There are 2 protein chains.
Amino acid sequence: MAATMKDIARLTGLGLATISKYMNGGTVRPKNKKLIEDAVKELRFVPNEFARSLKTSLSRTVGVVIPELGNQFITSIITTMDDMLRKHDYAVIVCDCRTDAKREREAVSFLVHKRVDGLINMSTDQSGEHLKPALEAGIPIVLVDRMVKPLTGKVSAVVVDNVDAAEKATRYLIESGHTDIGLVLGNDCIYTTQKRRDGYLNAYAEFSLTPREELIRFSDYTMEGGYAAMKRLISLPQRPTAVFVTNFEMTLGAMIALNEAQLRVPENMSFIGFDKLDLFGAVFPNLTLVKQPQNAIGECVAKQILRLMADPHADALHQIITLATSLNVGGSTRDLRTP
Amino acid sequence: MAATMKDIARLTGLGLATISKYMNGGTVRPKNKKLIEDAVKELRFVPNEFARSLKTSLSRTVGVVIPELGNQFITSIITTMDDMLRKHDYAVIVCDCRTDAKREREAVSFLVHKRVDGLINMSTDQSGEHLKPALEAGIPIVLVDRMVKPLTGKVSAVVVDNVDAAEKATRYLIESGHTDIGLVLGNDCIYTTQKRRDGYLNAYAEFSLTPREELIRFSDYTMEGGYAAMKRLISLPQRPTAVFVTNFEMTLGAMIALNEAQLRVPENMSFIGFDKLDLFGAVFPNLTLVKQPQNAIGECVAKQILRLMADPHADALHQIITLATSLNVGGSTRDLRTP
DNA sequence: CTCCTAATACGTAACGTTTCGCTTTCCACA
DNA sequence: TGTGGAAAGCGAAACGTTACGTATTAGGAG
């Protein structure tokens, strides 16, 4: 039914090898080029990707394993990547593993079986065990947002400087006279959570201060989580004067909790949020935010994986790229020193 | 390097055809079964999907074309589908087309070239032109959430009863004595927008009422959009006494706008929102909501596409499945008749 | 101990490309 | 008109499966 290169060869009187060469961008005599193009049109020829894959062992497909599809930070990165990769004719297979290590392992092995040319992973499992099958199969890997220590040197990674981000935000608050700063984090076994806590602690240390234990709340990077954590902080006997919330969804939830408790920002509570300036720009004008370069992350990841896939087995190319965040100062914090 | 069935055949002394049969679940003499299994383990044999695809013309892959990845309703459906399909060994390629008809067309043709076995689409283009290449290639199609009229009979579809959903919500408000009901819709060229507006108008008609034109606000299914639309409604000279918002993101934005304007629900404004009861359950307890069966939609779509892919060219199997929504009555509306 | 019939096993030809190693053609220059 | 070298074309052998049609085998019945 569907035409093959053989048909094109027969119709044009040319050899099979010539057709193949043309299809792959090789040069062909002008009159033959026309001949081929006409035949392609007439027979509605489309190259069979299966046969091509069999010969080249390339699927022109990359796998993406992420913890949650319902997370704005993640989807915005995926959208950017998908765009870039598709432009290079790569398809993207997304596997949501629901922050579950078992599912994550299964997803990786599934993708290895599907013979993806590259793998992008926002790791749930910090041991890196789940990536072994891919490593063994020689599939290039790019980690996103979360480093996996044991894999250093074997994979590339694109992360932001989480320590610096949290340190900047916390320092800014301390310099404004706050000493009781609430911190809302994600799950405590996640890379970014650990780094952001480190940054917070660093800032305190810089000023020779120690934060109260109960101000540090581990949550789960969801809106509900942020809402609940903020409620807890509000109801503390000694309520913090400022709060720093470390992702988008939780920032949303926390703002709702504040609204509901009739606490005005910054009059009753200083607030620093995370991500998505544009959105908050419309809804909560003037919020002070840590901004991650989401588009840059997506682009950077896409570039890395394309580079690794192009260079056959260039293990030496692995690198860790750290992108900077910015502290976008708005009006949601109060300076306690100048009342 | 990687072992092939030929290697297994050589090692076991069996024929190639026998190995193939075993690999596809055929029966083999017990001792041969053991022989094969041992050899598979020893050689770490993994069947080559490329060769398999070439022979069977099946990619065990389905394509999904959606308007926006950053939309909770969509991602929750995708997550459910992805789960089910992966259990059946199908990979899912997601293409976000940013609610752009051109991108959508490109995505479909990209997926056709990749030879997906099935296509799932939440259409942006209401003409259905974009699906022609898939139709011609004989790829089964399941539409989600949005019907495309011209394709009736040629594709399957899973939608919710949008007219009924909006009618129920609006009727409920009218029966509570409201006559000025604000309506916040998505982009006016989208299927669900049209249906939900129809439902709203139906309810008005039932009571022989006519809504004021300026109460119907077309927006864009984003949080910012919902926020802006609600602000507009609030600032109307003759402010509505109730508002019905028709998706999750806009509901969130609208609630924030209400909070900001210091309007209490339901004292100053009756409110009916959309989707995600569980989330609002934590954050805005007692909100009256139209609830779509998101999991059921995902499951239903997965089942449909699996069925269509299993039955070769069973065009007669196409059907439109309409799922019901429920009106989840909370306490966010006020009965004006009993003050 | 043979014969018959299921049940398994087998050889081989596809599937539609890419690629290797040549051969042929083209064209410029003498 | 002849020659040389570059450019383009060619045939055939893979790549690793599946499936068709036939050949072989096991094991109970006679």
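Quick note on labels: first sequence line is chain A, next is B, and so on, each numbered from 1. Just so it is clear, the values below take in all heavy atoms, side chains as well, and ignore hydrogens, waters and symmetry mates. Predicted model only: the values in this text are computed from it and were never measured.
In this entry the distance linking NZ of K33(B) with P of dA9(C) reads 12 Å, nearest Å. Residue Y22(B) contributes atom OH, which lies 16 Å from atom C1' of dT8(C) at whole-angstrom precision. The nearest whole Å value for the distance from the CE atom in M23(A) to the C1' atom in dT17(C) is 11 Å. Rounded to an integer number of Å, the gap from D7(A) CG to dC15(C) C1' is 13 Å. Atom CD1 in I19(B) sits roughly 11 Å away from atom P in dT17(D) (whole-Å rounding). Distance L54(B) CG to dA19(D) P: 12 Å, rounded to the nearest Å. Remark: P of dT17(D) and CG of L58(B) are 17 Å apart, rounded to the nearest angstrom. Note: CE (M5(B)) to P (dC10(C)) measures 12 Å, nearest angstrom.
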Q: Could you run through nucleotides 6-13 of chain D and give me one letter per nucleotide, 5' to 3': B if any protein heavy atom sits under 4.0 Å from the base, S if only the sugar-phosphate is that close, - if neither?
A: --SBBB--
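Between S20(B) and the phosphate of dT17(D), there is no side-chain N or O to OP1/OP2 separation shorter than 4.0 Å.
H113(A) and D89(B) share no side-chain donor-acceptor pair at under 3.5 Å.
Rounding to the nearest 0.5 Å places CD of E104(A) at 10.5 Å from CD1 of I66(A).
Residue T4(B) is in sugar-phosphate contact alone, with no base atom involved, counting any heavy-atom pair closer than 4.0 Å across all strands shown. If you check every strand for non-hydrogen atoms under 4.0 Å, F45(A) touches sugar and phosphate atoms only.
Screening L119(B), I321(B), V62(B), V301(B) against V142(B) for a side chain to side chain contact (heavy atoms under 4.5 Å, CB included) leaves a single residue, V301(B).
Taking 4.0 Å as the cut-off between side-chain N and carboxylate O, R103(B) and E106(B) do not count as a salt-bridged pair. Using a 4.0 Å cut-off between charged side-chain N and carboxylate O, D38(B) and K34(B) make a salt bridge.
By the neighbour-count criterion of 12 heavy atoms within 6.0 Å, atom NZ of K114(A) is densely surrounded, having more than that number from other residues, nucleotides or ligands.
Side chain of T12(A) to main chain of I36(A): no donor-acceptor pair is present (N/O by atom type, distance under 3.5 Å, no hydrogens or angles).
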